[in-house]
Asker: 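One structure, pasted below without further comment.
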Amino acid sequence: MSLNEFDIIQQYFSSLTQSRKDVMAGIGDDCALLVPENGKILAVSTDTLVAGRHFLSDVDPASLGHKCLAVNLSDLAAMGAQPCWVSLALTLPEVNEVWLEKFSQGFAELANRHKLQLIGGDTTSGPLSITLTIHGQVEKASVLKRDGAQDGDLVCVTGTPGQAAQALKNINNGSFVDEQARKALDWPEPRVATGIALQGLATACIDISDGLMADLGHICSASNLKAVVEKSAVPGCGNDDALLDSVLTGGDDYELCFTVPEKHKDRLAQIAEQTGVSISVIGRMSEGQGVEIIDDAGQIIDMTDKHGYMHFS
Ligand code: ADP
Ligand code: MG
């Protein structure tokens with residue numbers, strides 16, 4: 001006999017992740033009861049992944065379980081918050097136990113690495129869709145926002161953005177996808193440790209979900225400044241313009257883009273070393289608006305018809 005809603009919750013989700021001391025009640029009551037640390041503020045974020053829109057229906061369910069959590073953890077990382085609790089609203093077209101087992105294991109592996117407890121959710125039937133709400137905690141004084149960039153700050157990125165978009169492009173046109181790019185697409189690693197290490201150093205931060213141009217653009221508009229990015233300083237750009245396109249406008253990377261005063265430049269290498277995630281300085285903030293990409297001669301590269309991914313556009 002097929003499992004009902006309560007069997008699914010019981011079998012796959014009720015004890016999926018580790019228990020935290022700050023959870024008074026988790027799965028099983030009408031609400032989860034959570035005890036935040038004294039003096040900290042809560043950082044809360046929700047993301048939905050819809051089959052056919054954010055992922056293909058036949059994607060490896062373990063990578064889907066990982067990725068839906070990774071994109072939410074990435075939002076906490078962008079604000080320098082420590083992950084604590086997550087709820088999961090799952091809409092399933094059918095009860096497929098092999099799928100549920102793999103999905104929940106992919107989810108649990110990443111959750112447990114970040115000491116994150118699954119504290120509730122909802123289970124419904126319908127077209128496959130996954131919504132997570134994640135909660136983190138952070139000191140009020142050191143939270144990273146988008147609006148704090150200052151004139152003269154360095155613009156930095158973690159890792160090598162663009163690989164996920166390149167992998168997707170190659171999958172769609174049937175060309176070879178190398179291992180590293182596929183990993184960036186299916187198993188992104190949220191930069192939680194880097195975000196926390198940037199507390200008190202970065203003046204603004206965002207995670208790259210819609211492409212470097214678009215997301216750095218959000219820092220620019222929130223901070224009322226311009227970013228000038230040197231093409232040759234952007235990791236992975238090289239001289240390949242197709243690659244430049246993926247790097248600048250491709251989404252789904254979940255690297256961090258942040259601004260930092262030049263006086264903290266030396267700290268960046270230490271943070272990269274300590275977290276195992278590279279950091280590259282790619283440009284500088286200045287007076288003005290928007291994002292400018294310049295070539296080695298200092299000429300502005302025309303990017304007018306290029307923007308990040310947008311729903312309903
Ligand atoms: P309610 O009827 O109050 O909405 P539900 O019957 O939907 O409660 O869920 C029962 C319990 O299981 C609740 O504590 C809810 O948070 C939890 N829950 C439901 N679905 C999930 C899920 N997919 N993952 C984790 N917890 C879940
Ligand atoms: Mg319910």
Side-chain angles (χ1 to χ4, degrees), residues 1-37 40-77 81-137 186-190 192 209 254:
M1 210 177 66
S2 175
L3 304 181
N4 68 29
E5 176 188 335
F6 297 108
D7 300 330
I8 294 173
I9 297 166
Q10 179 62 29
Q11 193 160 326
Y12 293 100
F13 298 109
S14 61
S15 47
L16 186 63
T17 56
Q18 64 196 292
S19 301
R20 291 176 57 100
K21 288 203 194 79
D22 51 14
V23 177
M24 246 173 77
I27 295 172
D29 216 319
D30 288 312
C31 292
L33 300 173
L34 311 167
V35 189
E37 256 180 76
K40 293 229 172 140
I41 56 172
L42 292 178
V44 182
S45 172
T46 297
D47 265 302
T48 296
L49 269 68
V50 177
R53 174 67 45 165
H54 300 95
F55 60 91
L56 304 170
S57 307
D58 62 354
V59 69
D60 170 10
S63 98
L64 185 60
H66 171 99
K67 185 164 175 174
C68 69
L69 186 51
V71 306
N72 276 263
L73 280 166
S74 177
D75 285 323
L76 290 185
Q82 180 74 52
C84 302
W85 314 300
V86 65
S87 63
L88 166 66
L90 193 56
T91 303
L92 299 169
E94 57 176 345
V95 180
N96 176 338
E97 292 200 52
V98 173
W99 190 96
L100 277 162
E101 179 63 32
K102 289 187 174 162
F103 173 83
S104 57
Q105 287 313 312
F107 184 97
E109 190 277 328
L110 184 60
N112 287 329
R113 265 202 280 137
H114 289 279
K115 300 191 166 55
L116 187 67
Q117 184 174 342
L118 179 62
I119 45 96
D122 206 13
T123 305
T124 52
S125 66
L128 181 59
S129 148
I130 303 157
T131 298
L132 265 66
T133 299
I134 199 163
H135 302 71
Q137 297 184 75
D186 289 340
W187 299 90
E189 270 306 321
V192 174
S209 52
Y254 309 104

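Just so it is clear, the structure is predicted and the values come from calculations on it, not from any experiment. Residues take their numbers from the sequence shown, with the count starting at 1. For the numbers below, each heavy atom of this structure counts, side chains included, while hydrogens, waters and symmetry mates do not. For ligands, and for the atoms within them, numbers begin at 1 and follow the listed sequence.
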Asker: Using the salt bridge (charged side-chain N to carboxylate O under 4.0 Å, His left out) criterion, which residues pair with Glu109? Sequence neighbours excluded.
Answerer: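 If we apply the salt bridge (charged side-chain N to carboxylate O under 4.0 Å, His left out) test to Glu109, skipping adjacent residues, the hits are Arg113.
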
Asker: Sort out for me which residue in Leu69, Ile119, Asn72 forms a side chain to side chain contact (heavy atoms under 4.5 Å, CB included) with Val86.
Answerer: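 When side chain to side chain contact (heavy atoms under 4.5 Å, CB included) is applied between Val86 and each of Leu69, Ile119, Asn72, only Leu69 qualifies.
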
Asker: Looking only at heavy atoms, is any part of Leu118 under 4.0 Å from ligand 1, and if so is it the side chain, the backbone, or both, or is it neither?
Answerer: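 Near ligand 1, Leu118 shows its side chain, while the N, CA, C and O stay back.
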
Asker: Can any side-chain N or O of Thr17 pair as donor or acceptor with the backbone N or O of Leu118 at less than 3.5 Å?
Answerer: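 Such a contact is found between Thr17 side chain and Leu118 backbone.
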
Asker: Any ring-ring contact (aromatic ring centres under 6.0 Å, His included) involving residues 102-127? Give me the pairs, sequence neighbours left out, ordered by first then second residue.
Answerer: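 Listed once each, the pairs are Trp99-Phe103.
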
Asker: Enumerate the atoms of ligand 1 whose separation from the nearest heavy atom of Asp29 is less than 4.0 angstrom.
Answerer: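 Those atoms are 13 (C), 14 (O).
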
Asker: Taking heavy atoms and a distance under 4.0 Å, where does Ile9 meet ligand 1: side chain, backbone, both or neither?
Answerer: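 Side chain only.
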
Asker: Can you list the ligand 1 atoms lying under 4.0 Å from a non-hydrogen atom of Phe13?
Answerer: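 Answer for ligand 1: 23 (N), 24 (N), 25 (C).
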
Asker: Given Gly121, Ser104, Ser87, which has its nearest heavy atom closest to atom 16 (O) of ligand 1?
Answerer: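 The residue whose heavy atom sits nearest atom 16 (O) of ligand 1 is Gly121.
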
Asker: For the backbone of Ala62 and the side chain of His66, can you confirm whether one donor and one acceptor N or O come within less than 3.5 Å of each other?
Answerer: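 It does not hold such a pair.
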
Asker: With heavy-atom distances below 4.0 Å as the criterion, list the atoms of ligand 1 near Phe6.
Answerer: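 Going through ligand 1 atom by atom, the ones under 4.0 Å from Phe6 are 6 (O).
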
Asker: Just which atoms of ligand 1 are under 4.0 Å from any heavy atom in Asp30?
Answerer: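 This gives 3 (O) as the contact atoms.
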
Asker: Give the numbers and elements of all ligand 1 atoms closer than 4.0 Å to a heavy atom of Gly28.
Answerer: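 Atoms satisfying the 4.0 Å criterion: 11 (C), 13 (C), 14 (O).
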
Asker: Run the numbers for me: atoms of ligand 1, each under 4.0 Å from some heavy atom of Thr123, listed by number.
Answerer: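 Selected atoms, number and element: 19 (C), 20 (N), 21 (C), 22 (C), 23 (N).
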
Asker: Under 3.5 Å, side chain of Asp75 to main-chain N/O of Thr46, donor-acceptor pair present?
Answerer: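 Checked: no pair found.
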
Asker: Just jot down the ligand 1 atoms closer than 4.0 angstrom to any heavy atom of Glu5, in number order.
Answerer: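 Under 4.0 Å from Glu5, ligand 1 has these atoms: 6 (O), 7 (O).
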
Asker: Among Glu97, Gln105, Glu101, which residue meets the side-chain hydrogen bond (donor to acceptor under 3.5 Å, both in side chains) test with Tyr12?
Answerer: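 Going through Glu97, Gln105, Glu101 one by one, the side-chain hydrogen bond (donor to acceptor under 3.5 Å, both in side chains) with Tyr12 is satisfied by Glu97 alone.
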
Asker: Here's a test for you: under side chain to side chain contact (heavy atoms under 4.5 Å, CB included), which of Cys84, Ser19, Pro83 qualifies with Gln117?
Answerer: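 When side chain to side chain contact (heavy atoms under 4.5 Å, CB included) is applied between Gln117 and each of Cys84, Ser19, Pro83, only Ser19 qualifies.
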
Asker: Within the 4.0 Å heavy-atom shell around Asp122, which atoms of ligand 1 are there?
Answerer: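 Under 4.0 Å from Asp122, ligand 1 has these atoms: 7 (O), 19 (C), 20 (N), 21 (C), 23 (N).
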
